[in-house]
Amino acid sequence: MEPTNFDELEVVDAKPLRSLPPDVSPFETYIPPSNPQIPIQKPSINNKVGVSKASPMDVKSSHANANNGDDHNSVSSNGEKKQRLSRPTKKVKLSEEVRLLSLEGDRDSVSKVMIKFDALRRRLAQIEPEPIKRPDLKVGTIMMNNGLRTNARKRSGNVAGVDIGDIYFFRIELCMIGLHTQTMAGIDYMNVTYDQVQEPVAVSIVSSGGYEDDDGDGKTLIYTGQGGNASIDQKLEGGNLALERSVHRGNEVRVIRGIKDVESRKSKVYIYDGLYRIEKYWTEKSKMGATVFKYKLVRIPGQREAFTIWKSIQTWRDNIGCRPGLLLMDITSGEEKVPVSLVNEIDGDKRSPRFIYLKGLKFSKTMKPLVGCNCQGACLPGSNCSCIKVNGGDTPHTNGVLVVQKSVVHECGPSCSCYPGCSNQVSHDGVKVRLEVFKTKEKGWGLRSWDPIRAGTFICEYAGEVIDTDAKGADVDDEYTFTATNAGDYSNEWNYVPELIDEKKPVDLDEKFKPSSPIMISAKNMGNVARFMNHSCSPNVFWQLILHGQNKDSFPHIMFYAIKHIPPMTELTYDYLKCGKKKRCFCGSANCRSFFGQEFCETEN
DNA sequence: GTATACTCATGCCT
DNA sequence: CAGGCATGAGTATA
């Protein structure tokens, strides 16, 4: 039997946060807790399905498996098979790539869990005609049962791989990355033994408007205890007791703030706001006369800004004049339906970039005509819509977000007879999120968003003048040229794992799609916001070829989509790969390749 | 061990 | 479009 190394892992985990690599700990100043470090608890849930000890998720055993060979079935015991049968979802054999998540998380495994979660959630929301009521919980169960989670052991303090400011759209997402392990409850706690006394301490709380909390301008938080109601007093037990004990222990408590989503008012967005300490607690009488507990939490100084950014943005929305460094209110001059502001908070340079704002593509010669559908009204999945059929039967977008990345996606367009509200028209009408072009320190201008962006959200097109590659002597030596000869670097890393829901693979009828001629778009003289988007070796945006209609000979559009949930004011970047001149990379990511681009892009073959 | 209570979710319904 | 309500799942507790 594979020895387990919990002790060794616990030693590693007990390191003070400041000794973690800088990209894991976002602290500039670290204040040690007034009491000894709280140990990490072993996960209780995983013991049920047997992935805890001999799990491929465990760093050490997964390495051992890789060394011993590739037979992952050896991990399964007979006992586990019995449990499998009693489980609603079965365990499936996963590709090695998917298994590379560790029990102790890092930025990469947290990111992978999040991406795989949302990919499957989008797919389940897409499946017709029997939509699943709660795709979030369904996917959560499937992934938990297959060990696709990180930081499974409860801990106090920061969670490796989770950055302050990271955002989430479902409570179950917090569970799967170990930030807050309660699916509904607001207080998460664990029992610790100290001086031979066992007591609960709070490790994280979610404040999202269910009770009357006071957000204290983002620096403090008055949090209401759990339980009770209008006529029943709250009791000092469970989460309330843990919070009370944490006042005395002085341990760090993670705070997640949930607010109504800016875009879709019905859903919520959760912001990880970093570590707080509980200064004091007291009881009060509610309006109906019942006793409630109140806790005053104070944010530990020196941490990256998170929730306060949201508050600043709200003031800018109310009055754009409040935005510091504002140079232009709208660089699109009304071309886009949403204004795009231009700011420089770096230096005193007040010059704005010189170019003509162009919303889409400009052709120098007539292109092959588009072929559209004949639908009346909105095109629905399973209908006779020819644009949807050519995608394989599903509408590519669900609830406005792209479900899977493909070599090409067919959307309805100007030649279709369906009306403009058709759900197969997402990317053609320009920018929908509130963007801002800003001056960066080392990379010239950059692009970011005031709105939180969900994974799969359409961001913008790469607009500009289409270069006629058939014409002799086409000048392409231009750093504002987007170039592609194929569907790009699309490798299914972003797509859902079909085996998890008994599917073969995502339907991609156009798997071998290649543009009829190389795509070259110059945004030097004319372009849109995309011309400001910088390169990163760890991008948060990818591009997807989109055809407006069904004829594969027409010119595909380059459309940018969010890879993951992107918090407000985070720079939007995509991987330039080999496009453009070779340049030094300043993306600063852990796996930076130091350079990007080369003398010129791949030649067609 | 297993069952059950608890909870600052969700989505759909009216 | 609030607000009510049925369903939901991980965890703690008995």
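Atom set for the values below is all heavy atoms of this structure, side chains included, hydrogens, waters and symmetry mates excluded.
Note on A:G239: nothing from the nucleic acid sits closer than 4.0 angstrom, heavy atoms only. Note on A:T183: a base of the nucleic acid sits closer than 4.0 angstrom, heavy atoms only. Within 4.0 Å (heavy atoms only), A:G186 reaches sugar-phosphate atoms of the nucleic acid but no base atom. Backbone-only engagement by A:F170 is indicated by non-hydrogen atom pairs under 4.0 Å involving sugar-phosphate atoms exclusively. Using a 4.0 Å heavy-atom distance criterion, A:D188 is classed as making no nucleic acid contact.
Distance from the side chain of A:Y223 is smallest to B:dC8 among C:dA9, B:dC8, B:dA9. Of the candidate nucleotides B:dA9, C:dA9, C:dT11, B:dA9 has the atom nearest to the side chain of A:K268. Of the candidates C:dA9, B:dC8, C:dT11, the closest approach to any side-chain atom of A:Q226 belongs to B:dC8. Closest to the A:R171 side chain, of the nucleotides B:dG11, C:dG10, B:dA9, is B:dA9.
Checking the phosphate oxygens (OP1, OP2) of C:dA9, a side-chain nitrogen or oxygen of A:T141 falls inside 4.0 Å. Phosphate contact (OP1/OP2 of C:dA12, side-chain N/O of A:K154, threshold under 4.0 Å): present.
Surrounding NZ of A:K287 are at most 12 heavy atoms belonging to other residues, nucleotides or ligands under 6.0 Å away. No more than 12 heavy atoms of other residues, nucleotides or ligands sit less than 6.0 Å from atom CG of A:N399.
Using cut-offs of 30° and 60° on the angle between ring planes, the pair A:F542 and A:Y561 is parallel.
In this structure, A:R454 is positioned above the aromatic face of A:F169, its NZ or CZ under 6.0 Å from the six-membered ring centre and within 45° of the axis.
Salt bridge annotation for A:D166-A:R107: present, with a cationic side-chain nitrogen under 4.0 angstrom from a carboxylate oxygen.
Between A:H180 atom NE2 and B:dT7 atom P there is a gap of 13 Å when expressed in whole angstrom units. Taking atom CD1 of residue A:I187 and atom P of nucleotide B:dC8, one finds them 7 Å apart after rounding to whole Å. Protein atom OH of A:Y168 is 18 Å distant from nucleotide atom C1' of B:dC8, rounded to whole Å. Atom CG of A:L137 is separated from atom P of C:dG10 by 8 Å (rounded to the nearest Å). Atom pair A:M184:CE and B:dT10:P shows a separation of 9 Å (rounding to whole Å applied). To the nearest angstrom, P of C:dA9 lies 12 Å from CZ of A:F117. Atoms OH (A:Y211) and P (B:dC8) sit 4 Å apart, rounded to a whole Å. Atoms CG (A:N399) and P (B:dC12) sit 9 Å apart, rounded to a whole Å.
Under the rule for a salt bridge (Lys or Arg N to Asp or Glu O under 4.0 Å), the partners of A:D273 that lie at least two apart in sequence or sit in another chain are A:R257, A:R299. Partners of A:E411 under the side-chain hydrogen bond (donor to acceptor under 3.5 Å, both in side chains) rule, at least two apart in sequence or in another chain, are A:S427.
Paired runs in DNA chain C that reach 3 or more consecutive Watson-Crick or G-U pairs, where each pair keeps both distances under 3.5 Å, cover B:2-7 with C:9-14, B:9-14 with C:2-7.
In this structure, A:Y189 forms no aromatic stack with the base of C:dT11, since the conditions of centre separation below 5.5 Å and plane angle below 30° are not both met.
Closest heavy-atom contact between A:T395 and A:S423: CG2-OG, 4.2 Å.
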